[in-house]
Amino acid sequence: MNDFAFHAPETLDEALGLLAQHGADAKVMAGGTSLTTLLKQSLIAPGHIVSLHRVRECAAIEASDGVIRIGGLATQRDVELSPVVKERAPLLAEAYRRVATVRIRNVATVGGGVAQADPAMDPPPSLLILGASVVAKSARGERVIPIGEVYADYYETTLEPDEIVTELRVPAQPSGAAWTYIKYLPRTEDDYATVSVAAIGRAEGGSVADVRVALGAVAPTAIRASVVEDALVGQPATSDALREASQAVSEIVDPTDDPRGSAWYKRDMSVVFTRRALEQVLGLA
Amino acid sequence: MTTTPVRQSVTVTVNGQEYVREVPTYRTLVDFIRYDLGLTGTKEACSVGVCGACTIELDGRIAASCITLAARADGATITTIEGVADGDNLHPVQEAFINHGGFQCGACTPGQIMAAKALLETNPSPTEPEIKEWMMGNLCRCTGYYQIIESIQAAAEAK
């Protein structure tokens, strides 16, 4: 690990001031589970670490007007266990429950996960189909960014170096719709997914009234499968229709070969698990 | 790489005793516990938070000390494997691991005990699937998983 100055501000404003002062030479550390690993592997070498472990703001989970507001410093374990989240967005509680192990979720934060932007993380597909947005704050002000515009590339976001994710806003799940999160794990239970699929859907009178699908771990960012959604909405909810619509994901995924599977295998499995997710949420499983 | 490390004062309460040490900012918590405090029960194996050997209790929740900076633990209350027994009286989880053969080489055992103890404090009567889900982050390369599960079930019943 390289040498760095370690800052432990007591307030968010103090932290934002340090980031304004040190710019791109500073890295924000929330839970630190990902950042410490990057430091240990010398993949990053910042001159300054601004640790948020003393900051007591931005950790609440509340809901109002159909929107769940999750503080950026809430831990992933907090989201998994939150009655507010479980009641209004059970898909989100399940997605966070599947992250790594309890030892990691106890420490890793919601905002840290957003900023880390690993496309194989569990929450992003669910955040995409729930229409989440990210509140990013800096000494210059605050902006609200749709989650799909935050993820830019592998471990790359459109967040600025002086910004901190202070809140995640997630609209409640549509009531009456079925949901699923499939995490395909051919190796071990605590692994990152080889392919993950989140879906929400509702069939009415034999037709697809609503369907939303997104995939993780098979492209530089989590991706929404709009091509599948558009092909199905208003159409009869039949096994053949779902099978045919699922084929389209092979055109939008862009996986890489790694120990979790070859690119062609992940492409094939993207189609298979999209179909299974659709069958589950549209009552054809 | 600079030659003079930036140093940081770290005050922690570990197993009820307060320690103050000055360490480089890049010191990980597992190295701090082992080499600055001399408490070598906590092990480092994978170094990336996956295997569970370095599991400790940090402010009431289990955490991976290999991917935590010591500087972040300033002011924290920590329990390591050395603080689990009450003097000569072993913790029920420790007793159960001995009585049910919950270990072979022992390298993963401090982490297994810390995780199992936290499980039973959260859920005093876990089902087998609940034990497996909670403990999946603690790897044992001697393949002693069945005995580990039996040990935890026995400790739950003993309480």
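Chain naming here is simple, since letters A, B, ... match the order of the sequence lines and numbering starts at 1 in each. Every value quoted in this text rests on a predicted model; they were computed, and no experiment measured them.
- Note on A/Asp78 versus B/Arg61: salt bridge recorded, some NZ/NE/NH1/NH2 to OD/OE distance being below 4.0 Å.
- Among the residues in residues 104-115 of chain B, none has a non-hydrogen atom closer than 4.5 angstrom to a non-hydrogen atom of chain A.
- Although no hydrogens or angles enter the test, the distance criterion places no donor-acceptor pair under 3.5 Å between the side chain of A/Asn106 and the main chain of B/Ala63.
- Only the backbone of A/Ala100 comes within contact range of chain B, with at least one heavy atom under 4.5 Å from a heavy atom of that chain.
- Residue A/Thr75 touches chain B through its side chain alone, counting heavy-atom pairs closer than 4.5 Å.
- The two residues A/Ile104 and B/Ile67 have their closest heavy-atom pair at CD1-CD1, 3.8 Å.
- Residue B/Gln8 holds its CD atom at 9.0 Å from CZ of A/Phe4, rounded to the nearest 0.5 Å.
- Contact residues of residues 35-55 of chain B toward chain A are B/Glu44, B/Ser47, B/Val48, B/Gly49, B/Val50, B/Cys51, B/Gly52, B/Thr55 (heavy-atom distance under 4.5 Å).
- Residue-environment remark: OH (A/Tyr154) exceeds the threshold of 12 foreign heavy atoms within 6.0 Å.
- The shortest non-hydrogen separation linking A/His53 to B/Arg72 is CD2-O, 3.2 Å.
- Nearest heavy-atom pair, B/Tyr26 versus A/Met1, reported as atom, atom and distance to 0.1 Å: O-CE, 3.3 Å.
- Counting heavy-atom pairs closer than 4.5 Å to chain B, the top-ranked of the candidates A/Val102, A/Thr37, A/Leu39 is A/Val102.
- Residue B/Thr25 touches chain A through both its backbone and its side chain, counting heavy-atom pairs closer than 4.5 Å.
- In this structure, the side chains of A/Phe6 and B/Leu69 come closer than 4.5 Å at one or more pairs of heavy atoms.
- Between the side chain of A/Lys40 and the backbone N or O of B/Thr28, no donor-acceptor pair lies under 3.5 Å.
- B/Ser65 does not touch chain A: none of its heavy atoms, backbone or side chain, sits under 4.5 Å away.
- Distance check: B/Met136 CE to A/Thr101 OG1 gives 6.5 Å after rounding to the nearest 0.5 Å.
- The distance from the CG atom of B/Asn138 to the CZ atom of A/Arg103 is 5.0 Å, given to the nearest 0.5 Å.
- Residue B/Lys117 places its NZ atom among more than 12 non-hydrogen atoms of other residues, nucleotides or ligands, all under 6.0 Å distant.
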